[in-house]
2 protein chains.
Amino acid sequence: MKFEAATIKDIAIALGLSTSTVSRALRDSHEISIATKQLVLEYATRINYHPNPIALSLKEKRSRSIGVIVAEIANSFFSQAINGIESVAKDKGYNVMISQTHESFDKEVMTLQYLASRSIDGLLISVSSGTENLDHLKALHERGFPIVFFDRIVEEIQTHKVMVDNFRGAYDATLHLINKGYKHIAVIAGPENLSISRERIAGYREALAHTRVKPGKALIKYSRYAGLQLQEVEQAVSQLLKLRPRPDAIFTASDKLTTNCMRVLKAKGIRIPQDIALVGFSNSDLIELLHPPLTVVRQPAFEMGQIATQLLLQLIESKKPVKEFERKILNTNLIVQASS
Amino acid sequence: MKFEAATIKDIAIALGLSTSTVSRALRDSHEISIATKQLVLEYATRINYHPNPIALSLKEKRSRSIGVIVAEIANSFFSQAINGIESVAKDKGYNVMISQTHESFDKEVMTLQYLASRSIDGLLISVSSGTENLDHLKALHERGFPIVFFDRIVEEIQTHKVMVDNFRGAYDATLHLINKGYKHIAVIAGPENLSISRERIAGYREALAHTRVKPGKALIKYSRYAGLQLQEVEQAVSQLLKLRPRPDAIFTASDKLTTNCMRVLKAKGIRIPQDIALVGFSNSDLIELLHPPLTVVRQPAFEMGQIATQLLLQLIESKKPVKEFERKILNTNLIVQASS
DNA sequence: GTGTCATTCTAACACGTATGAAAAACGCTT
DNA sequence: AAGCGTTTTTCATACGTGTTAGAATGACAC
């Protein structure tokens, strides 16, 4: 099943010119006579000629495509971020290649190798919740390959990073719960190896530091798969419910964690917020339709995608090696609703 | 900012061989001595050699990547479908390039040209709600370019198609409403030019045909952007509410339409299902957390993505022109909850 | 020593494009 | 018409890979 497009050679033969003349004419070089240029251009448009991007890639050593690695496309935050990524990339003539890790470290390594071997010009990545070892990223980075981290960043690697003020987002959410009079506030976060988990927990801790109640260790739960698996959320919630005094509020520190926590509480017949209040990070656009409407910390996902892509393209197109790296920190937005 | 990988030439020079010998050795050709093979292979793995996919693409006239065009990534149905697409594509060593139309015909044409000019091997598309003219797709298709339609298909173009039984899905949903005792059932569908809209309306009509109530034309609303824009949904709902007798149930025929309809009803202070029942197509995984939990027609999005991709790859890899096209029709799943 | 065959490797080319250098064409001056 | 400068076109090569055809080598038999 072939599908052959017109090449520069076809034009050359048809017009009795050499390929290089045609090439130059198409590129509007000054060293081609206006008459020939017009002849070539006319014929080219007539047969609907388009330069073969693959040949161009080979020649120019760039593919004009970037890779994106995220945990799950079917996650509001990531799909919105990809939306932002795609908008900027397309605008600048770049293609977007997407891969998912499903929060698995092994898949991240495989997918990274796959993308890297597909000659992408750069990479946008929000690391998987299972990522502890960074060798795969470091190896690429050390060879000078352009990488930009967004959301789930990696501190050890020096490059552009785009994230939200996780500390502040968590602080605000927790403070909101405190102000509402909740006394025993638990938290369920992603895995401890992710910096966003640690930062969000730190924000939670800081907010509680102002109160008399010290956050006992039992109130802090980590979730290996960042809430992707319902079962681990269920386990965390069950453990929290056994505590005495029982927590009267839960702060969930990621998108899937929030909705799955809600799911678990509902399944257990626990009313929100009467029995337990719930506040969490989430970018779902259905939060106000939920029962109850959820108080959430919302991240500017679309913007994050846009900014990360701008930075990546800047990195890719820079002539000299970049040594100064940006660390963009966006603000979260606390949307207060009935769940707290 | 360059990033040069090892080439076959590097190996050849290092070992004092010719490039073709190295090539043959790597491809394990029988006409290379075992000793040389081993030497080459060993050195190749040592310097972590990977064949340049771009050079390969140029040579083989295939890029091993497929394009996907959907309305919105940040839509449960599409993100789940893309999930399925990505899983199969990656499995077979293909890359996935994603573009969005945001329900705009112009964007669809542009994005199609863009992808086509990027030498993808094939295309998966769910056409935009604004697509009435098919010239852009026909032109590509007539040149023998592999295309597979999924979800929002196009009858006029002969190729593989993957969809759900839209008629049946709508029929089931409407029948469910009838059985629940609702008398005045309205419908809001996507634009009339989409076959899925027409089929779903037909299913709705057929279900009502068994009842005494004939569906007046006023009960049927079309939505130009398939519910993407809240404002158009609001308008449709407002018009429905003015009818006498006022509809006591609404069937929404697409994902965004369903959630946005719910949003509008809530904003107007209309209770579901006490004032008006609501049933709609939706693939959101939050439906049981909504207030009220929504009765929905769910599509096997992940599966659709998988099947469509399998068919596309089959088309791409077929030696002889394919003349027999499949038309896969999957079943929808009616999930009954409190909204009806 | 010559002919036949099998084995192992190399040279040349192709894919489509771009570019530096060389060559050809042209116009002008003397 | 020879010389020169300028404009226009062509040649050769490169990017990285794979393939085809053919050359070189060696082994064996006569």
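Naming convention: chains lettered A, B, ... in sequence-line order (proteins, then strands); numbering from 1 in each chain.
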Rounded to the nearest Å, what distance is computed from the [atom1] atom of residue [X] to the [atom2] atom of nucleotide [N]?
| X | N | atom1 | atom2 | answer |
| --- | --- | --- | --- | --- |
| B/Arg24 | D/dT19 | CZ | C1' | 6 Å |
| A/Leu15 | D/dT9 | CG | P | 12 Å |
| B/Ile13 | D/dA14 | CD1 | P | 11 Å |
| B/Ile11 | D/dT17 | CD1 | P | 8 Å |
| B/Glu60 | D/dG16 | CD | P | 17 Å |
| B/His50 | D/dT17 | NE2 | C1' | 16 Å |
| B/Ile47 | D/dG16 | CD1 | P | 13 Å |
| B/Leu56 | D/dC15 | CG | P | 17 Å |

Can you check whether [X] has a side-chain N or O nearer than 4.0 Å to OP1 or OP2 of [N]?
| X | N | result |
| --- | --- | --- |
| A/Lys59 | D/dG16 | no |
| A/Ser18 | D/dT10 | yes |
| B/Arg27 | D/dT19 | yes |
| A/Thr36 | D/dT9 | yes |
| B/Ser23 | D/dG18 | yes |
| A/Ser33 | D/dT9 | yes |
| B/Lys9 | D/dA14 | no |

**Study point:** Nearest-0.5 Å distance that lies between atom OG in B/Ser65 and atom CE in B/Met97
**Key:**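 Rounded to the nearest 0.5 Å, the OG-CE separation comes out at 4.0 Å.
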
Check your understanding: OG of B/Ser87 to CD1 of B/Ile82: how many Å apart, nearest 0.5 Å?
Key ->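 These two atoms lie 12.0 Å from each other.
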
Exercise for review: Measure the shortest side-chain to side-chain distance between B/Ile147 and B/Leu312 over non-hydrogen atoms and say whether it is less than 4.5 angstrom.
Suggested key: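 The answer is no; the side chains never approach within 4.5 Å.
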
Check your understanding: Is the shortest heavy-atom distance from the side chain of B/Leu194 to the side chain of B/Ser129 under 4.5 Å?
Key ->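 Yes, close enough: below the 4.5 Å cut-off.
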
Review point. When you measure from the side chain of A/Arg64 to the backbone N and O of A/Lys92, does any donor-acceptor pair fall under 3.5 Å?
Key: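 The answer is yes, because a donor-acceptor pair under 3.5 Å joins these two groups.
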
Review point. Any side-chain donor paired with an acceptor under 3.5 Å for B/Thr131 and B/Ser128?
Key: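 B/Thr131 vs B/Ser128: donor-acceptor pair found between side chains.
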
**Study point:** Steps toward side chain to side chain contact (heavy atoms under 4.5 Å, CB included) verdict (A/Lys37, A/Asp28)
**Key:** CA-CA 7 Å; A/Lys37 265 186 204 170; A/Asp28 199 28; 3.2 Å; yes

Exercise for review: Assess whether atom NZ of A/Lys138 is packed by more than 12 heavy atoms of other residues, nucleotides or ligands within 6.0 Å.
Suggested key: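 More than 12 heavy atoms, drawn from other residues, nucleotides or ligands, come within 6.0 Å of this atom.
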
Review point. How far does the helix from C/dG1-D/dC30 to C/dT30-D/dA1 bend, going by the axes of its first and last five pairs, to the nearest 10°?
Key: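 Here the helix ends are tilted 80° relative to one another.
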
**Study point:** Derivation of the side-chain hydrogen bond (donor to acceptor under 3.5 Å, both in side chains) call for A/Ser23 and A/Ser20
**Key:** CA-CA 5 Å; A/Ser23 170; A/Ser20 38; over 6 Å; no

Review point. Does B/Ala55 or B/Ile34 map to a spot on DNA chain C nearer the 5' end, using the closest nucleotide for each?
Key: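 Whichever sits nearer the 5' end wins; that is B/Ile34.
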
Review point. For the residue pair A/Phe149 and A/Val127, what are the closest heavy atoms and their distance?
Key: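 Looking at all heavy atoms of both residues, the shortest contact is CE2-CG1, 4.1 Å.
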
Practice item. Taking heavy atoms of chain A and a 4.0 Å limit, find me the 5'-most and 3'-most nucleotide of DNA chain C within that range. Key: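 Counting from the 5' end, contacts occupy C/dC15 to C/dA21.
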
Exercise for review: Classify the nucleic acid contact of B/Ile54 as base, sugar-phosphate or nothing, counting any heavy atom under 4.0 Å across all strands shown.
Suggested key: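 Nothing: the residue B/Ile54, judged by heavy atoms under 4.0 Å, touches no strand.
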
Review point. Any N or O donor-acceptor pair linking the side chain of B/Thr7 to the base of D/dC15 at under 3.5 Å?
Key: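 There is none.
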
